[in-house]
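Per chain, numbering begins at 1; letters A, B, ... match sequence-line order. Note that these values count all heavy atoms, side chains included, but never hydrogens, waters or copies made by symmetry.
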Amino acid sequence: MKIATWNINGVKARVEGALTWLAQAQPDIACLQEIKSVDEAFPSERFEELGYNVAVHGQKGFNGVAILSKLPFDEVAPGLPGDGDDIQARYLETVVSTDGTAVRVICIYLPNGNPVDSEKYPYKLAWMARLEEQVKSLLAFEEAFVVAGDYNVIPADEDVHDPEAWAGDALFRPETHAAYRQLLNLGLTDAYRACHNEAHQYSFWDYQGGAWQKNNGIRIDHLLLSPQAADRLKGCEIDSFTRGWEKPSDHVPVWIELS
DNA sequence: ATGTCGATACTTTATCGA
């Protein structure tokens, strides 16, 4: 089973590119972030034509997540628990099953958090604390699950072209690293790092400053696996080639293969 | 080169968020 994550930076602007990649990469499940669309405007039919079932948790203008699945959804649950006042669409949880084996697939768009002296940074840290609580609850089931998405977290120096340039940024601050480490320490596996040890492999290149041409990237799109999912991990790759396409997203797809 | 992009609104240009 191939499960992918991709921040597409606007589904309206990216639908053709997304369809091209889906037809070529053939993931069984694709988690999309930053769809920047309300549910009603999401072009579900275009994805259904490729054989996908569609679950959307949208919002006007910003944020928004969706999950495409060739397998039918057993469950669909939008929204990260823990704050009833949070209206930002950043979390979508689904369950699919094949041959009697279920896998829970969670699509997240973790808050960016910049600028760090604004209310956005405490919101990011609070969101990460809520995610940690949710993951704790899910781990109690002792089942396979994948938390895939744009984490807006650069895990380590080796995941950024220039650590100095990112010092103090919300994606790279000590508090951010601490919260991410706490999440991993619950028992989750970073699929990419479980499969690769080479440094400077990125999933995002800024539109500005010729970042793609200079390979000034960061690795912020992750698939974290429960122990039961990690046991089934066969591989993990980054499809960086999409960044060179016409009208690219600033993020590229990352995917895993599970047995 | 602070060098881009997408969505929004009292739109055709400024603002926001990334």
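Computed from coordinates, the A/Gln208 CD to B/dG17 C1' distance equals 12 Å when rounded to whole Å. Note: CG (A/Asp250) to P (B/dG17) measures 17 Å, nearest angstrom. Rounding to whole angstrom units, CG of residue A/Asn216 and P of B/dG3 are separated by 15 Å. Atoms CG (A/Leu110) and P (B/dA18) sit 12 Å apart, rounded to a whole Å. What separates CD of A/Glu34 from P of B/dC16 is a distance of 18 Å, to the nearest Å. If you measure from atom CD1 of A/Ile218 to atom C1' of B/dA18, you get 11 Å, rounded to the nearest angstrom. The CD atom of A/Gln33 sits 14 Å away from the P atom of B/dA18 (whole-angstrom rounding). As a whole-Å value, the separation of A/Asp150 CG from B/dG17 C1' is 13 Å.
A cation-pi arrangement is absent between A/Arg219 and A/Tyr202 under the rule of less than 6.0 angstrom and at most 45 degrees off the ring axis.
A residue-by-residue look at A/Gly210 and A/Arg90 shows that A/Gly210 has its nearest nucleotide of DNA chain B further toward the 5' end. Summary of the strand contacts: A/Gly113 and A/Gly209 both lie near DNA chain B, and taking for each the nucleotide with the nearest heavy atom, the more 5' one is attributed to A/Gly209.
In this structure, A/Tyr109 reaches the sugar-phosphate backbone alone: every heavy-atom distance under 4.0 Å involves primed, P, OP1 or OP2 atoms, never a base. Among the atoms of the strands shown, none is found under 4.0 Å from any heavy atom of A/Arg243.
Across the C1' atoms, B/dG3 and B/dT8 are found 24 Å apart, a figure rounded to whole Å. B/dT13 and B/dA1 are spaced 29 Å apart, taking the P atom of each and rounding to whole Å. Going from the C1' atom of B/dA18 to that of B/dT2 covers 15 Å, rounded to whole Å. To the nearest whole angstrom, the two C1' atoms, one in B/dT11 and one in B/dG6, are 15 Å apart. Distance check on atom P: B/dC10 versus B/dT15 gives 15 Å, rounded to whole Å.
Checked against the 6.0 Å centroid threshold, A/Trp6 and A/Trp255 do not count as a close aromatic pair.
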Please write out the pairs of protein N or O atoms and N or O atoms of nucleotides 5-15 of chain B separated by less than 3.5 Å, giving the distance to one decimal.
residue	atom	partner	partner atom	Å
B/dG6	OP1	A/Arg14	NH1	3.0
B/dG6	OP1	A/Arg14	NH2	3.4
B/dT8	OP1	A/Gly61	N	3.4
B/dA9	OP1	A/Lys60	NZ	3.4

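Checked by atom type, the side-chain pair A/Glu93/A/Gln134 shows a donor-acceptor distance below 3.5 Å. Remark: the A/Tyr121 side chain and the A/Asn112 side chain contain no N/O donor-acceptor pair separated by less than 3.5 Å. A donor atom on one side chain and an acceptor atom on the other are not found under 3.5 Å apart for A/Lys36 and A/Gln59.
Hydrophobic clustering (side-chain heavy atoms under 4.5 Å, transitive across Ile, Leu, Val, Met, Phe, Trp, Tyr) keeps A/Val95 apart from A/Val56.
Surrounding CG of A/Asn185 are more than 12 heavy atoms belonging to other residues, nucleotides or ligands, all under 6.0 Å away.
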